[in-house]
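Accompanying notes for the structure given below.
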Amino acid sequence: MREGLEAGLKSKGCTIKMLPSFVYHTPDGTERGKYLALDLGGTNFRAMLVRFKRQKYRLYHKIYTIPLEIMQGTGEELFDHLAQCVCDFLDYMGLKKVRLPAGFTFSFPCQQSGIDTGTLVSWTKGFKATDCVGEDVVSMLREAIKRRNEFDLDIVALVNDTVGTMMSCAYEDPKCEVGMIAGTGSNLCYMEELKNIEKLEQSNGILKTNEQTSEGEESEAAVKSDLKMCVNTEWGGLGDDRCLEDIITPYDAEVDIHSVNPGKQRFEKLTSGMYLGEIVRQVLLDLTRRGLLFKGHVTETLKTPGIFETKYLSQIESDRLALLQVRSILQQLGLRGTCDDSIIVKEVCGAVSRRAAQMCGAGLAAVVDKIREDRGLERLSTTVGVDGALYKLHPHFSQVLKETVGVMAPHCDVTFLPSEEGSGKGAALIAAVVRQKQEI
Ligand code: BGC
């Protein structure tokens, strides 16, 4: 992971993409006003109105599901659907006539050349809408809004969910400079010293940065040494050059082959909610075929992809649940077994989720130790903003994650701060920071 992070900072096209976010500061509490936040990251789209006032905020929202045929249809259909949802939300809030500044949280890898523009590098998490990769997703949304011709928006920021999470947690704790998602997908962002993002210079990023931030006569070198920028690591791509082969099992290989993006996002496929259930199913299938489980009966249910959702993993692993209850969850899933079978299934779930938490912990240890070394510190004390169902709802994931970071980065004191409304509040905060800068 550490090597991957360093390589991605130097050049484009690496497995860990290290995407510049053009977010230079965490919030300072002076953010004011009303903002829209739009959040596309999984099976839902959320439209939100966020109002900041004297270090407090209020948030109103509506959730819209994205039908599978739209997730996997054309880009135009997807963005038309988003515009329709925003229109409904503005109607509902009585804001259709107001042109509000908006932050767009789009939780997929985007190559940004400024805060309000970014081309989609690839889809992840089961999305595969056509004609989007290589396109500017902000322009696609603006065009869809224009086609609808019913309302207008001022989209001022494109935001990854990790960055939104970091920003929303930094609003509560100024020591927060890392954002992490352990949910349907897996990813992390952190504040990196601008001088370390070598590839930015190649794309004129530094020039842009100096125009925006240098004061008076300050030299370029001095400006660069002080400044930071949040980098969206897209660490889910670790292993796409096969460097994780020692860790990857035949079960992982099966899950990868049957995914919509074989060979891609290999680290994400070991660590995120979208895939853990499938890994468990592959193990159970193998144990059953060998006659070690369910009396050797390979049922249609067991052969059905996607039956094991992360929420079942969380339930089965809960210590509060007696074995009989585990057995009844399995029965609800159509898997009839003995109490011994339940013990085995619970063991398998535990092994898969424990490995995921340890891998994320190792990744996070690499990041915090890098920050510590870059600053020449003997000890680093830092806060990590976290979001995602795996972190928040799984009974053991967060604990194993913490323990692993403790073991692998013993010179760092890491505080975990679960984010409150990360994507929405964070995107609105970034929109507020951008807006306030423009007004100055
Ligand atoms: C995406 C990231 C996102 C993460 C968490 C991954 O699949 O590539 O951009 O931050 O999921 O939602």
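As a basis for the values below, the full set of heavy atoms in this structure was taken, side chains included, without hydrogen atoms, waters or symmetry mates. Every number for a ligand or one of its atoms is a count from 1 in the order of the listing.
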| request: Would you please classify the geometry between the Trp235 ring and the Phe267 ring as parallel, tilted or perpendicular, with 30° and 60° separating the classes? | output: perpendicular
| request: Below 4.0 angstrom from a heavy atom of Pro109, which ligand 1 atoms are there? Numbered from 1 as shown, please. | output: 8 (O), 9 (O)
| said: Could you identify the single nearest non-hydrogen protein atom to atom 5 (C) of ligand 1 and state the distance to 0.1 Å? | reply: Asp161 OD2, 3.3 Å
| query | When you measure from atom 6 (C) of ligand 1 to every protein heavy atom, which one gives the shortest distance, and what is it? | reply | Glu268 OE2, 3.0 Å
| Per-atom contacts of ligand 1 with Asn187, taking only distances under 4.0 Å to non-hydrogen atoms | 2 (C), 3 (C), 4 (C), 9 (O), 10 (O)
| said: Check for me whether the distance between the ring centres of Tyr60 and Tyr92 falls short of 6.0 Å. | reply: no
| field | Minimum side-chain heavy-atom gap Lys17-Thr233 below 4.5 Å | value | no
| Quick check: does Thr162 get an N/O under 3.5 Å from an N/O on ligand 1? | no
| Can you check whether Cys189 reaches Ser21 side chain to side chain, under 4.5 Å on heavy atoms? | no
| query | Is any N or O atom of Thr124, backbone or side chain, closer than 3.5 Å to an N or O atom of ligand 1? | reply | yes
| Region of Asn160 engaging ligand 1 - heavy atom pairs below 4.0 Å | side chain
| request: Could you tell me the residue and atom name of the protein heavy atom closest to atom 9 (O) of ligand 1, and the distance to it rounded to 0.1 Å? | output: Glu234 OE2, 2.6 Å
| note | Residue, atom and distance of the protein heavy atom nearest atom 11 (O) of ligand 1 read Lys125 NZ, 3.2 Å
| query | Which of the atoms of ligand 1 are close to Phe108, meaning less than 4.0 Å from one of its heavy atoms? | reply | 9 (O)
| task | Report the C-alpha distance between Tyr64 and Asp88 in whole Å, list the side-chain angles of each, state the deciding distance to 0.1 Å, and finish with yes or no for side chain to side chain donor-acceptor pair (under 3.5 Å). | result | CA-CA 10 Å; Tyr64 302 87; Asp88 174 80; 2.6 Å; yes
| query | Between Glu177 and Arg375, is there a salt bridge with N-O shorter than 4.0 Å? | reply | yes
| query | Is Asp256 salt-bridged to Lys269, going by a charged N under 4.0 Å from an acidic O? | reply | yes
